[in-house]
Protein chains: 2
Amino acid sequence: MSVTIYDVAKKAGVAISTVSRVLNNTGYVSEKTRKRVMGVVEELNYEKNMLAVALMKKQTKTIGLIIPDITNHFYADLTRAVEDEGNRHGFNVILCNTDNDMEKEASYVSFLLQKNIDGIIFASPKKDDPNIKALCDKNPQFPIVQLGGEVEGVNTDKVLVENSQGAYDLTKHLIELGHESFGVVLGHRNSLASKDRLDGINIAINEANLRLVKQNILYGDFKMQDGLKSALQLLKSKNRPTAIIAATDLLAIGCYQAAKSIGLSIPDDLSITGFDDIEIAQAVEPALTTVTSPIEQLGVRAVEMVVSTIEKPKAYKEKTVYQPTMVIRGSTGTPVNNYTVSS
Amino acid sequence: MSVTIYDVAKKAGVAISTVSRVLNNTGYVSEKTRKRVMGVVEELNYEKNMLAVALMKKQTKTIGLIIPDITNHFYADLTRAVEDEGNRHGFNVILCNTDNDMEKEASYVSFLLQKNIDGIIFASPKKDDPNIKALCDKNPQFPIVQLGGEVEGVNTDKVLVENSQGAYDLTKHLIELGHESFGVVLGHRNSLASKDRLDGINIAINEANLRLVKQNILYGDFKMQDGLKSALQLLKSKNRPTAIIAATDLLAIGCYQAAKSIGLSIPDDLSITGFDDIEIAQAVEPALTTVTSPIEQLGVRAVEMVVSTIEKPKAYKEKTVYQPTMVIRGSTGTPVNNYTVSS
DNA sequence: TTGAAAGCGCTAACAA
DNA sequence: TTGTTAGCGCTTTCAA
């Protein structure tokens, strides 16, 4: 079928080991034979079969990227960064969307392992993810990096964002504007993203001697619809907050819709904050106050970590933590507190 | 290192071929040995090395997906669909972002080929893409599907969307509202998306005996920023249009910003239409009139096509064409025509 | 400086 | 019903 190293060897009148040597620049080869071999390689349009190489070397030059959902802008950006950086190092990336479904994740992981993938990046693992734990227990040497989350009791390389800091900043900003009652619109209950953010919010609120009513903390999925639903619930409640802190920009935009649907104006009647700073955050009206993470850098760092452990296994694990940055825009302001909503 | 078929065979006291047989359900195996072998498989936690299988069978159960940019919502949705459907058929997908850079694409393609990938889906190929042509010329049997675009003079399976129809519908809708002067904000000059849409627009305009001024057709990249820039240029020109047709929703949202920045209200002073119906399209104010494609179906169909050709090569090529659907929302209306802008 | 040959882990004739 | 063996295309000792 396709041309192999044998074809090249025969045509060049040398042994396959010689061809292999010139192809890989390994061992001694006379300039003369090198030229001859390269000539035949060009002539025959020979391309190395990486499968055979992989079987030999036990390196596929492929990494797996496991994310909840590529449709979420944050993961799209991240994936882009990982793919680019991987490519720069000569690695391809196999994409896996789990929807936070552990069974799906398990099946992906075993599939990836069977394919002898060289390493895996887990984005936003949930704190009780059993698959990562199992994988690490079974083979502590296998290159894994956890990005933007950490499974309890599992020691791997990590790239993290101090999300609690971002949430703290946002909350403090709202408090300084004069807000005293808050609504919190989160995603999955056991996503680290939700937990971290809530922590930061609580710290800021406690510092200011204010209280966060438990009923004002709502969980859901990460879609815009969920933001709308949660916000409606908050806005129609007795403990109606003057500010809503959403766990992602998309959720925040869902909150915008809720506010509009019942005639509240942002930020006069209601301040809203997001998280992620997706492209649309500046396009909505008013522009969204949010927090931005160095997503590209996260991806780059994660790839650096896997690739370096793949190429030279190391005895220690490392962790890099990034700080998010608050971006104040038009969706937050001093509360006016003069509105009424029919409950 | 890891446990192989030999380990299983030895422990079970059978030959490797027997193990292979029970693993693949091929040929006769007595119930007794089957059970014994399976027992050992479980006990040893044996997992098949797909690399070896692939080397033998010349099938890697992996397909490549080549897209311009995962960061673009349309491709994120598409990728999601392709990945899901691929997975359903037992295929992994390797993601490649080309940024429409032909060299990058070429390098990806040769990389994928070296890895003995089973097939490739090219999303939105540009009409003069040299790589697809070269690939087909070299190996007409290799499973390829072009999605949402077609390279001239290349015969492969195709999944298309009649974008010109969507653009036609949008334009006609605007004309019926009373618009007579249009601005067109496109993406790359030689992307099929741009060409198709322009075609549809022209047909509708000609049918109505109107004219589209050449200076009102602007090209750029596909980012929000480009929409803003192009729209500003249009709105400050002498031939200021009353409606802008953008090639994507993101570009349209850029146009929103331009309109707002110079104090025009939508749709009274300016109607705007998009393309794609991304999630945010309904969240912007006013909600965006746009056109929606069955993205998921596109991905599913493309995967069906590659997978079926991978599994059973066929002598013919096929093409599936989908119709887009117009979604009318608040961003289009009757022109009021009483505004002035300092030029 | 080059070649022969032994694998990498598996499938698939072919024999028994 | 099971075992033996020859590859798949390559890298890498070890000899020459």
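Naming: A, B, ... by sequence-line order, numbering from 1 per chain. Note that these values count all heavy atoms, side chains included, but never hydrogens, waters or copies made by symmetry.
Note on B:Lys58: every side-chain N or O is 4.0 Å or more away from OP1 and OP2 of C:dT11.
Each of D:dG9, D:dT11, C:dC10 was ranked by its minimum atom distance to the side chain of A:Ala52; first place goes to D:dG9.
Judged purely by atom type and a 3.5 angstrom limit, B:Glu85 has no side-chain atom pairing as donor or acceptor with the backbone of B:Glu304. In this structure, B:Thr33 contributes its side chain and B:Val29 its backbone to no donor-acceptor pair below 3.5 Å.
Using a 4.5 Å heavy-atom threshold, the side chains of B:Cys136 and B:Ile144 count as touching.
Comparing B:Leu51 and B:Thr26 against DNA chain C, the residue whose closest nucleotide sits nearer the 5' end is B:Leu51.
In this structure, A:Gln114 atom CD and C:dG9 atom C1' are separated by 13 Å, rounded to whole Å. The interatomic distance linking B:Lys115 (NZ) with D:dC10 (C1') rounds to 16 Å, in whole Å. A straight line from CG of B:Asp7 to C1' of C:dC8 spans 13 Å, rounded to a whole angstrom. When rounded to the nearest whole Å, the span between CG of B:Leu23 and P of C:dT11 equals 7 Å. Rounded to whole Å, atom C1' of C:dA13 lies 15 Å from atom CG of B:Asn24. Look at CG on B:Leu55: it is 12 Å from P on C:dG9, rounded to the nearest Å. Spacing between atom CD1 of B:Ile5 and atom P of C:dC8 amounts to 14 Å, rounded to whole angstrom units. Atoms CG (B:Asn116) and C1' (D:dC10) sit 12 Å apart, rounded to a whole Å.
Heavy-atom neighbours of B:Lys35 NZ from other residues, nucleotides or ligands within 6.0 Å: at or below the threshold of 12. Other residues, nucleotides and ligands contribute more than 12 heavy atoms inside 6.0 Å of the CD atom of B:Gln59. More than 12 non-hydrogen atoms from other residues, nucleotides or ligands lie less than 6.0 angstrom from CD of A:Glu31.
Within residues 41-50 of chain B, the residues having any heavy atom closer than 4.0 Å to DNA chain C are, in order of number, B:Tyr46, B:Lys48, B:Asn49.
Under a 4.0 Å N-O distance rule, the pair A:Lys133/A:Asp137 qualifies as a salt bridge.
When only modelled atom types and interatomic distance are considered, A:Thr62 and B:Lys115 share a side-chain donor-acceptor pair under 3.5 Å. Side-chain contact of B:Asn25 with B:Arg34: a donor-acceptor pair under 3.5 Å is present, judged by distance alone. Between the side chains of B:Lys58 and A:Asn49, no donor N or O sits under 3.5 Å from an acceptor N or O.
Rounded to 10 degrees, the angle between the two end axes of the helix from C:dT1-D:dA16 to C:dA16-D:dT1 is 50°, with five pairs used at each end.
Using a 30° and 60° split on the angle between ring planes, B:His73 and A:His73 fall in the tilted class, from 30° to 60°.
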Write out a two-atom table: protein N or O, nucleotide N or O from nucleotides 2-6 of chain C, distance below 3.5 Å.
from	atom 1	to	atom 2	distance (Å)
C:dT2	OP1	A:Ser30	OG	3.0
C:dT2	OP1	A:Thr33	OG1	3.1
C:dT2	OP2	A:Ser30	N	2.7
C:dT2	OP2	A:Thr33	OG1	3.0
C:dG3	OP2	A:Ala15	N	2.9
C:dG3	OP2	A:Thr18	OG1	2.6
C:dG3	N7	A:Ser17	OG	3.3
C:dG3	N7	A:Arg21	NH2	3.2
C:dG3	O6	A:Arg21	NH2	2.4
C:dA4	N6	A:Ser17	OG	3.3

